Asker: 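Pasting a structure below so you can have a look.
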There are 2 protein chains.
Amino acid sequence: MIQTYHKSALRKGRVVPRTVDHAERRAHIAEALVRVAGREGLHAVTMRAVAAEAGVSLRLVQYYFQTKAQLMLGALEHLEQQSHERWAARLAEAPDPDSPRGYIEAFLAEALPTDEQSRIFHLVGTSYAVLAMTDKELAEQPFIAGVDRLEGQLAGALEQALSAGELSPDLDVPAEAALLVTLSHGLGTSVLIGQRSAKAAIAVLGKHLDRLFGESG
Amino acid sequence: MIQTYHKSALRKGRVVPRTVDHAERRAHIAEALVRVAGREGLHAVTMRAVAAEAGVSLRLVQYYFQTKAQLMLGALEHLEQQSHERWAARLAEAPDPDSPRGYIEAFLAEALPTDEQSRIFHLVGTSYAVLAMTDKELAEQPFIAGVDRLEGQLAGALEQALSAGELSPDLDVPAEAALLVTLSHGLGTSVLIGQRSAKAAIAVLGKHLDRLFGESG
DNA sequence: ACTCTTATGATACAGACGTACCATAAGAGT
DNA sequence: ACTCTTATGGTACGTCTGTATCATAAGAGT
């Protein structure tokens, strides 16, 4: 799994880096970090642990990310982008694309830790959030942007449902989007600390959506 | 501030510990931990840092809490108990004790990081929550119990409001209590990472309560 | 007055951590 | 063929961490 380096150089005959694809390698290491953090917590993430998990030498981690701070930041960006793709994939297979409620429910359920992958995602994401509370440089660029984007996307879906007449016309869309995103984050946390099952969290969310969309149906 | 040890022995002439009040000293150290964690994050909490913040020697921290794990646990318990008292004080001065809505709103607003003390409380609490996600022994006893107690207390208030006819009679009280607690936790987090102001968070919460209590008035 | 236990100080130790340094294999450009 | 740059391995260094050890001051019980 390790020594596959100059393979990628043959694949793309250009003169770009040297022999290996830097982006690919950085992604590989970043994913190793996420696995370690998901298993033992973000506080257990060390350059040596990440190197071991990725199956590379400590020196390599240093080479691709010069410092630990940059490694942490790079992994966060990778996680952001990965979640972007994950959401797109999930929403593409939404049950009924004509139903805004289905879209919104799928959207929010994705944020809940239902399977192993989303569990890791929520755990690591929340860990980063806690770091961002005391590390302002970490917070500003990559973090808030991601959450804001989600909230905006959801607000768009609500707007659409409102146009379709599925929602009460005097709904405050931005406030409701904020409520839904923060609610699903809070629910996810309660699941992760073992206070509630994922099923129970989905039920709470579902009841609120029932209320929003009118309990007919 | 440091060498006040045998003063407490004179105050209470009994033969209980030896010269100093252990519980008082442990509380002092636990509060130092909370201050450090609130300022620099829970990951910056070290036995030496706590000792320095408390103005005692490293040995003393070792003496009163034998190990770091016990120090962390003890501080969490202290935080729990402190929050208990804080809530009681806040609710005692609720604006209108006859209005369940006022009670509930005060209850939930207390969970939001509006002033420095509640900011620290939420930050440190969330940091512990993240730890509890990967450290099962930490989670079970002190953590979930605290949140469950809050949720139960809130459910009681909702039940009371329901009896007073202020809520829709087909409200699912436990689900709503869960929603409100997780929502206020999620809102608090979004405030702490700087995504939203405390005022905006309170507004989102207020709008939802308006909906619950019927928007008349 | 004398001992005993509690309370506190100082410091030492082994391990882990982030980072820096030195070496070298090997493709790229000439 | 020769050099130059990139990519990788190995390892050493200084610092910080949690914990353990040795020593001792001083109130408590007799």
Side-chain angles (χ1 to χ4, degrees), chain A residues 1-26 28-29 32-33 36-37 40-75 131 135, chain B residues 1-26 28-29 32-33 36-37 40-75 131 135:
Chain A
M1 191 193 292
I2 309 178
Q3 265 105 324
T4 57
Y5 18 103
H6 26 78
K7 196 177 55 187
S8 59
L10 300 177
R11 179 155 44 75
K12 38 152 51 187
R14 286 294 137 250
V15 206
V16 240
R18 219 31 157 180
T19 48
V20 314
D21 184 342
H22 264 219
E24 186 181 312
R25 219 120 166 106
R26 283 173 58 97
H28 181 217
I29 295 175
L33 184 151
V36 172
E40 306 169 49
L42 198 57
H43 60 276
V45 163
T46 169
M47 307 209 81
R48 285 171 174 85
V50 171
E53 175 79 25
V56 302
S57 74
L58 169 61
R59 182 64 179 81
L60 259 280
V61 180
Q62 281 189 278
Y63 184 70
Y64 286 103
F65 304 86
Q66 283 69 42
T67 174
K68 189 187 180 183
Q70 286 182 250
L71 169 64
M72 298 283 281
L73 205 94
L131 281 194
D135 183 358
Chain B
M1 190 193 294
I2 310 177
Q3 265 106 326
T4 58
Y5 21 101
H6 26 79
K7 195 177 57 187
S8 58
L10 300 176
R11 180 155 43 76
K12 38 150 51 188
R14 286 294 138 252
V15 206
V16 238
R18 218 31 154 176
T19 50
V20 313
D21 183 343
H22 264 218
E24 186 181 313
R25 221 125 164 102
R26 283 172 59 95
H28 181 216
I29 294 176
L33 184 149
V36 172
E40 306 169 48
L42 198 56
H43 61 276
V45 163
T46 169
M47 308 209 82
R48 284 168 175 88
V50 171
E53 176 79 25
V56 302
S57 75
L58 169 61
R59 181 66 179 80
L60 260 279
V61 180
Q62 281 189 279
Y63 184 71
Y64 287 101
F65 304 86
Q66 283 69 41
T67 174
K68 190 188 180 183
Q70 285 182 251
L71 170 63
M72 298 283 280
L73 205 95
L131 280 193
D135 183 358

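This is a predicted model, so every value here is computed, not measured. In what follows, every chain begins at residue 1, and chains take the letters A, B, ... in the order their sequences are listed.
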Asker: Has A/R26 got a side-chain atom pairing as donor or acceptor with A/F65's backbone, closer than 3.5 angstrom?
Answerer: no

Asker: If you define the side chain from C-beta out and look only at heavy atoms, does anything of A/L33 sit under 4.5 Å from A/V36?
Answerer: no

Asker: Is any side-chain heavy atom of A/H43 closer than 4.5 Å to one of B/H43?
Answerer: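 Contact flag for B/H43/A/H43 side chains = no.
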
Asker: May I have the distance from A/Y64 (atom OH) to D/dA7 (atom P), rounded to whole angstrom?
Answerer: 6 Å

Asker: Between the base of D/dT8 and the side chain of A/R25, is one N or O donor paired with an acceptor at under 3.5 angstrom?
Answerer: no

Asker: Give, for atom CD1 of B/I29 and atom CE of B/M47, the distance between the pair rounded to the nearest 0.5 Å.
Answerer: 8.5 Å

Asker: How many angstroms lie between atom OG1 of A/T46 and atom CG of A/L71, to the nearest 0.5 angstrom?
Answerer: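 Between A/T46 OG1 and A/L71 CG, I get 9.5 Å after rounding to 0.5 Å.
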
Asker: Nearest heavy-atom pair of A/V45 and A/A37: which atoms, and what distance?
Answerer: CG2-CB, 3.8 Å

Asker: When you look for runs of 3 or more Watson-Crick or G-U pairs in a row, both distances below 3.5 Å, which of them include DNA chain C?
Answerer: C:1-30 with D:1-30

Asker: Taking only N and O in the side chain of B/H22, is any of them less than 4.0 Å away from OP1 or OP2 of C/dT6?
Answerer: no

Asker: Any heavy-atom pair between the side chains of A/H22 and A/R25 that's under 4.5 Å?
Answerer: no

Asker: If every non-hydrogen atom of A/A44 is compared with every non-hydrogen atom of A/A49, which pair is closest and at what distance?
Answerer: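 Smallest heavy-atom distance, with atoms named: O-CB, 4.2 Å.
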
Asker: So, is B/S57 close to the C/dT8 phosphate, meaning a side-chain N or O under 4.0 Å from OP1 or OP2?
Answerer: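 No, because none of the side-chain N or O atoms of B/S57 sits under 4.0 Å from OP1 or OP2 of C/dT8.
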
Asker: Rounded to the nearest angstrom, tell me the gap between atom CG in A/L60 and atom P in D/dT11.
Answerer: 16 Å

Asker: Nearest whole angstrom, please: distance from the C1' of D/dG18 to the CZ of B/F65.
Answerer: 16 Å

Asker: Let me know the distance between CG of B/L71 and P of D/dT19, rounded to the nearest Å.
Answerer: 10 Å

Asker: When the distance from CD of B/Q66 to P of C/dA7 is rounded to whole Å, what number comes out?
Answerer: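 Result: 12 Å.
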
Asker: Check the distance between C/dA7's P and B/Q62's CD and give it to me in whole angstrom.
Answerer: 16 Å

Asker: Taking only heavy atoms on the protein side, list every residue of residues 40-50 of chain B lying under 4.0 Å from any atom of DNA chain C, sorted numerically.
Answerer: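 B/R48 - these, ordered by number, are the residues of the stretch whose heavy atoms sit under 4.0 Å from the strand.
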
Asker: Is there a side-chain polar atom (N or O) of A/T67 under 4.0 Å from OP1 or OP2 of C/dT19?
Answerer: yes

Asker: When you match B/L58 and A/Y63 each to their closest nucleotide on DNA chain D, which lands nearer the 5' end?
Answerer: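 Closer to the 5' end of DNA chain D: A/Y63.
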
Asker: Nearest-Å distance, NZ (B/K68) to P (D/dC16)?
Answerer: 15 Å

